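What you see is a predicted model, and the numbers here were worked out from it, not measured in a lab.
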Amino acid sequence: MKKTFPWSRRQALTVAAALAACTLGSSGALAQGAWPGTQPIKLVVPFTAGSGTDIVARLVAEKLGPALGTSVIVDNKPGAGGTLGAAITAKSPADGYTLLVHSAGHLVNPWIYKGLSYDTIKDFTGITPMASLPNVLVTAPSHFTNVQDLVAKAKAKPGALNYGSAGNGSATHMNAEVFRLAAGLDAQHVPFRGTPEAMTEVMSGRVDWFFAPMVSALPLIKSGKLQALAVGTAQRSPALPDAPTTVEAGVPGSAYLFWVGLFAPAKTPQPVVERLQAEVAKIMVSPELKERLEKLGAEPFTMQSAQFNKFIVDETAKAQQVVKAASIKVD
């Protein structure tokens, strides 16, 4: 009969340590003290460089790298309304090194794009929103006196007026539909390839109104090429303090919040999520970043991860209601 010999205490500790390392390795060697080390972190932005979402991502990346002691790289993966970049992130390892910077449009996409390869709720962990970017209701100068004038003229000729957007299901479209439904208007939607094309048509008067991103519209408003009737948010914007909200202008239930947030693949370790949330929250409320956001017409907007994930569930349900009520579809 073959004899067996008991392991020494030293051998047992060595094996135990190896097993522990393997367990941590299954989630990317994410011992709380090991992340991020010197490995670079990638922020996937599912839109083109220069978009509102991209601008916020780059402002944060510039400060987040030094805060974590590593480099943070912005990787633009535009396409299909932001679903391409989201799909790439969802399939990435949940190790804290590939993150997604997306917008409120992330919660609209499941209702307008069929056959997505990911689940917006189950395949992501919300880390924190980062900034809100108000949309502003713009028209050609003197096209309408105010919001009440716009509503009155649209109701006087049902279906005769039109409104632009930066594409079906975009934040500009969602804001317009929330406003149109709340006001009870019958008007024609004209989708464009992006915000610049829509604003050009509004300036010419060929498109009656457009909920433009504040960051894009401010220079044209200040130069007098566009008229700002109201902002689409629940509160006035410091960038346009004299512009009322659409609710203040007489359209209850018309407020719409457009935001940019940070997401990670599902099952990313909680210590990593908490560290990212804490660092990003500090960055967003720093005087330097607040000043830079204000010049863009944006404002800091942060939450704890658990609060953000509940917000995502609630806002996804609201998005579904708007998509259904407005019959929004992707052509």
Are Val231 and Ile221 linked, directly or through intermediate hydrophobic residues, by side-chain heavy-atom contacts shorter than 4.5 Å (ILVMFWY only)?
yes

After noting the C-alpha distance and the side-chain angles of His189 and Ser165, does the key distance pass the side chain to side chain donor-acceptor pair (under 3.5 Å) rule?
CA-CA 8 Å; His189 172 226; Ser165 81; 2.7 Å; yes

Quick check: are there more than 12 heavy atoms from other residues, nucleotides or ligands sitting under 6.0 Å from NZ of Lys153?
yes

Would you please indicate if the ring centroids of Phe211 and His173 are separated by under 6.0 Å?
no

Describe, in one word, how the ring planes of Trp35 and Tyr97 are oriented to each other, choosing from parallel (under 30°), tilted (30 to 60°) and perpendicular (over 60°).
tilted

Main chain of Ala249, side chain of Gln148: is a donor-acceptor contact present, judged purely on distance under 3.5 Å?
yes

Taking only Lys NZ, Arg NE, NH1 and NH2, and the carboxylate oxygens of Asp or Glu, determine whether Lys318 and Asp314 approach each other closer than 4.0 Å.
no

Does the side chain to side chain donor-acceptor pair (under 3.5 Å) test come out yes or no for Thr53 and Ser51, once each step is laid out?
CA-CA 5 Å; Thr53 303; Ser51 63; 4.9 Å; no

Any salt bridge linking Glu288 with Lys63? Criterion: basic side-chain nitrogen under 4.0 Å from a carboxylate oxygen.
yes

Ring centre gap for Phe179 and Tyr163 strictly below 6.0 Å:
no

Backbone N or O of Met130 within a donor-acceptor pair of the Thr128 side chain at under 3.5 Å?
no

Other residues, nucleotides, ligands: >12 heavy atoms within 6.0 Å of Gln270 CD
yes

ring-ring contact (aromatic ring centres under 6.0 Å, His included) for Phe192 and Phe210? Distances and angles first, verdict last.
CA-CA 11 Å; Phe192 291 91; Phe210 174 49; 7.8 Å; no

Could you report the tightest heavy-atom contact between Val322 and Glu177, atom names first, then the distance?
CG1-CB, 4.1 Å

Hey, do the aromatic rings of Phe308 and Phe263 have their centres closer than 6.0 Å?
yes

Is the shortest side-chain N to carboxylate O distance from Lys310 to Glu315 below 4.0 Å?
no

Using 4.0 Å as the upper bound for N to carboxylate O, is an ion pair formed by Lys290 and Glu299?
no

Using 30° and 60° as the class boundaries, would you call the ring planes of His102 and Phe47 parallel, tilted or perpendicular?
perpendicular

